[in-house]
Amino acid sequence: MLRTLILAGLTLIATGMHAQPLFEVPLTDHSRWASPENKSGRKGAGGLENAGAKGRPFETIRAGETLELAHVQGPAVLRRIWITIRDRSPEMLRSLKFEIFWDDARQPAVQVPFGDFFGTALGQPVAFEHVLLANPEGRSFVSYIPMPFRKSARLVLTNESGRDLSHVFYDINYTTSTEFSPDTLYFHAAWRRERPTTLGKDFEILPRVTGRGRFVGVNLGVVTEPAYGKTWWGEGEVKIFLDGDSQFPTLVGTGTEDYIGTGWGQGVFTQQYQGCTLADRENGRWAFYRFHIPDPVIFQHDCRVTIQQMGGAPKVEVLKLLTAGAPLRPVTIDSGDRYRFTKLLEKDVEIPLSDPSLPEGWTNFLRRDDVSATVYFYLDRPENSLPPLAAVAERTAGVAVPSTQGQE
């Protein structure tokens, strides 16, 4: 069972094992690193080339090739993954496919664009650090996600771009262990994108998965549709469907920026469990994250996570958007407090927003944008039922950074 412990001022994430104080050494555990200097991580097998003098510090992945970063035997726990690459353009970060296979499974448990997995949601590396991922200076990619496995772990990077990647430096740190309890879960991650989303249909962060597990969190990217101008896009609520929920969820939030712990819009901030790494209102590009570690989201049978595609603006601006032909559907009008909150979708006959009987106020409306998400979760099996990663052309479309970019 996953649980969070606070010990000696440090937050440690346990994955079915007891978290060890820094001053205790587990008698059965051993430390190993897999890197270009010792891919197997075997004892006494590091630095064999060039008489031990930095003979193989990096690898090269030519266009279309696959590099096996590590193939290690368990039982063990991946503790830290660090990678830096020479080409950190948005196109390369989305073109590199990162996969992890557990226990000789045929299908990967992790299959995501490289940059998105490590918290760079729109291919724009920025410096940040939170409890699970980090990018110290915008030039490297670090994961502290604990990933236990029983038999084996295979980490693979495939270059699906049209150009060679000359330098890949990495090390993968893990500890060998004894057999885990039946409650120990496998780590999974998946990525999906809709360009644009469907008007009136929630975007699926996590399509339904079955089994026992834990929804850890999500790293989201949004590129807004120009037809809506610079109106606010983030009114949509996150909904989490648990253990048989069908039409309505058990867990539901109050808005997008609310979900990541802020309010009344969002700017750049990074914290342990929530943050926004990119807030480019001028170019309509946003990247943000939320991790459910102190507030666990556990499921016993199945889980599905969505976010509404909804924005908001003063009513007069929404009317202008409608006149200009922007695809939208008004949802509510907030005229100042709870007692003057008009729910437009509960009417027997939908009243047009231009109707003079409707009050003035902040108007929420369904909209559609370019949304992508990397979802992180644990499951009681080494494979999941999610569809394969989208083709590279779909991943990289429109990912280039506008030359006029500016951050708030």
- Going by an N to O cut-off under 4.0 Å, is there a salt bridge joining Glu383 and Arg381? no
- Looking at Glu225 and Arg368, does any basic side-chain N land under 4.0 Å from a carboxylate oxygen? no
- Ring centers of His130, Tyr289 separated by less than 6.0 Å: yes
- With side chains defined as the heavy atoms from C-beta onward, is the minimum distance between Trp233 and Val222 less than 4.5 Å? yes
- Just checking, any donor-acceptor pair under 3.5 angstrom between side chains of Ser372 and Arg94? yes
- Query: Taking all non-hydrogen atoms of both residues, which atom of Phe215 and which atom of Phe299 are closest, and how far apart?
  - Reply: N-CE2, 3.7 Å
- salt_bridge(Lys315, Glu317) N-O dist < 4.0 Å: no
- Query: Do NZ/NE/NH1/NH2 and the carboxylate oxygens of Asp104 and Lys151 come within less than 4.0 Å?
  - Reply: no
- Query: Between Phe241 and His301, is the gap from one ring center to the other below 6.0 Å?
  - Reply: no
- Item | From CA spacing to verdict: salt bridge (Lys or Arg N to Asp or Glu O under 4.0 Å), Glu346, Lys343 | CA-CA 6 Å; Glu346 287 189 348; Lys343 293 176 279 188; 3.7 Å; yes
- Message: To the closest 0.5 Å, what do you measure between CD (Glu257) and SG (Cys276)?
- Response: 10.5 Å
- Item | Salt-bridge criterion met for Arg80 and Asp171 (N-O under 4.0 Å) | yes
- Item | Between Ser95 and Ser161: side-chain donor-acceptor atoms closer than 3.5 Å | no
- Message: Assess the residue pair Lys239 and Glu237 against the criterion (salt bridge (Lys or Arg N to Asp or Glu O under 4.0 Å)); give the C-alpha distance rounded to whole Å, side-chain angles, the decisive distance to 0.1 Å, and a yes or no.
- Response: CA-CA 6 Å; Lys239 299 179 179 181; Glu237 298 174 347; 5.5 Å; no
- Are the charged groups of Glu160 and Arg395 less than 4.0 angstrom apart, N to O? yes
- Rounding to 0.5 Å, atoms CZ (Phe118) and CD1 (Ile145) come to a distance of 8.0 Å
- Looking only at atom types and distance, does a side-chain atom of Arg290 sit under 3.5 Å from a main-chain N or O of Gln274, one as donor and one as acceptor? no
- Message: I'd like to know if Asp369 pairs up with Arg367 as an ion pair, taking the criterion as any Lys NZ or Arg NE/NH1/NH2 lying under 4.0 Å from an Asp or Glu carboxylate oxygen.
- Response: yes
- Message: Whether Glu59 and Arg56 form a salt bridge (side-chain N of Lys/Arg under 4.0 Å from carboxylate O of Asp/Glu) is what I want to check.
- Response: yes
- Item | Leu358 side chain near Leu344 side chain, heavy-atom distance below 4.5 Å | yes
- Item | CD/Glu24: more than 12 non-hydrogen atoms of other groups inside 6.0 Å | yes
- Query: Thinking salt bridges, do Asp245 and Arg208 make one under a 4.0 Å N-O criterion?
  - Reply: no
Residues 26-35, side-chain donor-acceptor partners within the protein, below 3.5 Å, at least two apart:
{"residue": "Ser35", "atom": "OG", "partner": "Glu37", "partner atom": "N", "Å": "3.2"}

- Message: Under the ring pair (Phe, Tyr, Trp, His ring centres under 6.0 Å) test against Phe149, which residue among Trp102, Phe187, Phe101 passes?
- Response: Trp102
- Carboxylate-amine/guanidinium contact Arg340 Asp334, below 4.0 Å: no
- Mind listing the closest non-hydrogen atom pair of Tyr170 and Pro36 along with its distance? O-CD, 3.3 Å
- Task: Drop me the distance from Gln271's CD to Thr262's OG1, to the nearest 0.5 angstrom.
- Result: 8.5 Å
- Message: Return the CD1 to OH distance between Ile100 and Tyr186, rounded to the nearest 0.5 Å.
- Response: 13.5 Å
- Query: Any donor-acceptor pair under 3.5 Å linking the side chain of Thr84 with the backbone of Arg139?
  - Reply: yes
- State yes or no: are the ring centers of Phe58 and Phe169 separated by less than 6.0 Å? yes
- Count the heavy atoms belonging to other residues, nucleotides or ligands that lie under 6.0 Å from CZ of Arg163, then report whether that count exceeds 12. yes
